[in-house]
Protein chains: 2
Amino acid sequence: MAEEVKLLKTWSSAFGLRVVWALKLKGIPYEAIDEDLSNKSALLLQYNPVHKKIPVLVHNGNPISESLVILEYIDETWKQNPILPQDPLHRARERFWAKFNDEKLLPSAWGAFTKEGKDREEAMAATMENLKFVEEELKGKKFFNGEKIGLVDLVFGWLANLISIFEEVTGFNIVGDGYPLLSAWMQEFSELPVIKDTWPPRDKMIIKYQALYDKYHPAK
Amino acid sequence: MAEEVKLLKTWSSAFGLRVVWALKLKGIPYEAIDEDLSNKSALLLQYNPVHKKIPVLVHNGNPISESLVILEYIDETWKQNPILPQDPLHRARERFWAKFNDEKLLPSAWGAFTKEGKDREEAMAATMENLKFVEEELKGKKFFNGEKIGLVDLVFGWLANLISIFEEVTGFNIVGDGYPLLSAWMQEFSELPVIKDTWPPRDKMIIKYQALYDKYHPAK
């Protein structure tokens, strides 16, 4: 049967990008449908009525939402170039860190970017604390899963892209010299061809994040 | 090899209970270690340094944290009485609803229980809206996964236990007659022997939740 694979995403979303990377790693051709989140398509509302969010993967007409759920689906559907290891304990560890990214690290960094005053300081401290766990997890490894990238690399991938944009827009130093293993990983990860080819253009990202920053921190 | 299975939990936590149910369904003997969350044990802090939360499953010395991660681990480690179906699309659907519970439904209900005024009204409206999705998902099914209970039943299990306690403590009507399929499921689910045997005592739960309610809504 001819496969029909569509991906509803945006040009810049970290949640969409991780799915793009997974499909590219597996070598699955797909049709990309870029959504305008300020004017959501009927397709997006039909396919993800609960969250009304991207990404949505549509495989032979069946929609799958929530990026971590999509990554597991992709790994179970197309077996080549596994994203998750075989061993249940290692799989649990990967899932743990993926959840950690989405529920702790990313929200803390977003807080540091959007909040003000004491709330911002707290969010920044939480981000630094969370990054320490990431640094610890990289000890003795090239990628989070060992020699090849896997689920955790895809999920932490936004760090390699966004942190330096956050730093440029806010003027804050986030990673700096304090996280040498993470810095090395960011370098390795961003040089992978599959990542390089799909990275959103830096100048466009700076414009987007500068506008967001100005929205959250209007001139007094 | 003799298996060593320990579970750090509390007597009342919904996140701990779903792991208890999974272990019982699989017929895995385990040692239960009840934590006092106001005075966390050295073991809990050692095994889950990131979140410092229960449940933690310790299998042959290896700790696994985060209840949804634990449920997947249990299903992959002990194959009998599967918690997840085989088909990738069905698996994705189960994972989607499990995440929906933890990230939308449970937080909205908790907000309805703990907040006041307009915030409470909003949380209550969100809870009702979220329960509509649950009701819809039960159409034509006895359990969420069909004829036998699976991941989504375990994750939504707290509804069958806590909703009536919330209702008794707050005086609010939450499920009432508006969700007939959910009401029928709550009945079916709570009558399963594995659930009945592990249900926390209702009188103790009422005392716990009354005290929590009084803490969040002190007399003016």
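Computed from a predicted structure; not experimentally measured. Letters A, B, ... are given to chains in the order of the sequence lines, protein chains preceding strands, and every chain is numbered from 1.
- With a 4.5 angstrom heavy-atom cutoff, B:Glu129 does not touch chain A via any of its atoms.
- For B:Lys40, the NZ atom sits in a packed shell: over 12 heavy atoms of surrounding residues, nucleotides or ligands are nearer than 6.0 Å.
- No more than 12 heavy-atom neighbours from other residues, nucleotides or ligands sit within 6.0 angstrom of CD on A:Gln86.
- For the set B:Val69, B:Asn130, B:Ile64, B:Leu68, the entry with the most heavy-atom pairs within less than 4.5 Å of chain A is B:Val69.
- With rounding to the nearest 0.5 Å, the separation of NZ in B:Lys99 from OG in A:Ser67 is 6.5 Å.
- Close approach to chain A, defined as a heavy atom under 4.5 Å from one of its heavy atoms, is seen in no residue of residues 5-26 of chain B.
- Between B:Val50 and A:Lys104, the shortest heavy-atom contact is O-NZ, 4.1 Å.
- Scanning all heavy atoms of the two residues, the minimum distance from B:Tyr73 to A:Ala92 falls at CD1-CB, 4.2 Å.
- Within 6.0 Å of CG in B:Asn173 there are more than 12 heavy atoms belonging to other residues, nucleotides or ligands.
- Contacts of residues 75-85 of chain B with chain A at a heavy-atom distance below 4.5 Å involve B:Glu76, B:Thr77, listed in sequence order.
- B:Lys148 NZ: 12 or fewer foreign heavy atoms inside a 6.0 Å radius.
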Checklist line | Derivation and outcome, side-chain contact (heavy atoms from CB on, under 4.5 Å), residues A:Phe96 and B:His51 | finding: CA-CA 11 Å; A:Phe96 175 88; B:His51 302 290; 3.5 Å; yes
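- Heavy atoms closer than 4.5 Å to chain A are found in both the backbone and the side chain of B:Arg95.
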